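Take a look at the structure set out below.
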There are 2 protein chains.
Amino acid sequence: MARRSDHSREQIREMTLAASEEIIATQGHQALSARKVAGAIGYTVGTLYLVFENLDDLILQVNGRTLDRLYELIVEDQRHCADAEACLFQLGHSYIRFADAEPYAWQLIFEHRLADDREPPDWYQEKIAHMFALVEERIAQLAAHQSDKEIAQAARALWGGVHGICILAITHTLGAAGVDSVQAITYTLMNNFVKGFVSTPSNKQ
Amino acid sequence: MARRSDHSREQIREMTLAASEEIIATQGHQALSARKVAGAIGYTVGTLYLVFENLDDLILQVNGRTLDRLYELIVEDQRHCADAEACLFQLGHSYIRFADAEPYAWQLIFEHRLADDREPPDWYQEKIAHMFALVEERIAQLAAHQSDKEIAQAARALWGGVHGICILAITHTLGAAGVDSVQAITYTLMNNFVKGFVSTPSNKQ
DNA sequence: ACCTGAACACCGTTCAAGT
DNA sequence: ACCTGAACACCGTTCAAGT
């Protein structure tokens, strides 16, 4: 058998990504396999390799779309907060809400390692930078006398911090049950951090 | 062939764990396979299943030993710091130093998921609680008027925070190159957090 | 040109059979 | 009693062969 042409390359790409997302969302990324995805869209394994470089590439595309959804959620939530501090806290809450809603997709972003420790492609790095800019923006609004470098440093520290709480919560390493408790811990982190940050003329060591 | 009895069960266990650690340290946990480990110790795959329940169990044992090494390093470093605040900062630095020295072993602790989301065994949870107590102890020394609950919350927030910075650094998501820069970001997090924490009569929302 | 399906070199896990 | 090795049901990836 051959030459079906039921779908365009772009359609197959979309079907493949959607099927992968479905498997990841319901069974986790451990359950993702080329054969399973191919079966789900009614093609054979070989076809996937006409559209994607390999499984690593497929996962990278999936992760890109996860980052897009996360960005959308965050931006939407940012439209309903009052001042810079409230908006910064909202950033953390939105992040956790997403991780809680799509734990497997979210984890895959950080557990997926490219072969030979290669750098992710530019389009991917830009998505991350794009999201990161939102944190830096809010931190900058709170900074009274801090330099750009200190603001960048603070944004990385705080985003890393919120991220870590998420991870530990999802892997049950925090001894904290439920999303509410995670949100409370995140609030503790951000609240104390911001207090320390705005109260200092300079944070440089 | 059969009945070699060259080694006791305990010796095979030790050889298996050592070989697994070697593979993980040099090639990452993706490269770990039952057949590869068996080959490295001169036995066939079947033998591993006489000593370990399955590969998940083997990894759990490896992770337990990783936690032990981390604990040793932290406790040793804690003997050379001046006051509570310095010791707390040292905790973060030790943690990052370990993650940097043994990135693959360290990552495996958080990427390993038990089947069906089962809880890890008691002996494993105790190792984590043991290490966590070190953070709580230092936080408690810095707390002037905070309640036990606030101290526990703060310890979780701060440890989660340091952990997250580690992850993002290792996965190149922080735009920060090198251990020094990671240590600086961690310092920013801890310094601002502690400043906020000690300056507040109560952190309850 | 597009897709198949068989092949290759791997997996984790089990278990009858050998000594 | 201890260990093997073959079997089973899977993997990712490639590519000659079919239409």
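Basis for what follows: all heavy atoms, side chains included, without hydrogens, waters or symmetry-related copies. Keep in mind the model is a prediction, meaning the values are calculated, not measured. The chains referred to below are lettered A, B, ... by the order of the sequence lines, with proteins before strands, and numbering in each begins at 1.
To the nearest angstrom, P of dC3(D) lies 11 Å from CD of Q11(B). The CG-C1' distance, from D57(B) to dT14(C), rounds to 16 Å in whole Å. Rounded to whole Å, atom C1' of dC11(C) lies 14 Å from atom CD of Q30(A). The CZ-P distance, from R9(B) to dC2(D), rounds to 6 Å in whole Å. Regarding H7(A), its NE2 atom lies at a distance of 12 Å from the P atom of dT4(C), rounded to whole Å. Between the CG atom of N54(B) and the C1' atom of dT14(C) there is a distance of 12 Å, rounded to whole Å.
Across all strands shown, nothing is found opposite dA9(D) as a Watson-Crick or G-U wobble partner with both distances under 3.5 Å. Across every strand in view, dA16(D) sits in a pair with dT4(C) that passes the Watson-Crick or G-U test at under 3.5 angstrom.
Judged by distance alone, the side chains of R113(A) and Q107(B) do bring a donor and an acceptor atom under 3.5 Å apart. No side-chain N or O of R138(B) forms a donor-acceptor pair with one of Q90(B) less than 3.5 Å apart.
Paired with K127(B) under the rule side-chain hydrogen bond (donor to acceptor under 3.5 Å, both in side chains), one option of T66(B), N63(B), D122(B), D68(B) passes, and it is D68(B).
Taking every side-chain heavy atom of I12(B) into account, dC3(D) is the closest of dT13(D), dC3(D), dG5(C). Nearest nucleotide to the side chain of L55(B), out of dT4(C), dT13(C), dG12(D): dT13(C). Counting only heavy atoms from C-beta on, S33(A) has its side chain closest to dC11(D) among dT13(C), dC11(D), dC11(C). Comparing dG12(D), dG5(C), dT4(D) by their closest approach to the side chain of A34(A) singles out dG12(D).
Map D6(B) and E53(A) each onto its nearest nucleotide of DNA chain D; the residue landing nearer the 5' end is D6(B). Residue L50(A) is the one, among R35(A) and L50(A), whose nearest nucleotide of DNA chain C lies closer to the 5' end (criterion: closest heavy atom).
Heavy atoms of other residues, nucleotides or ligands lying less than 6.0 angstrom from CG of D148(A) number 12 at most.
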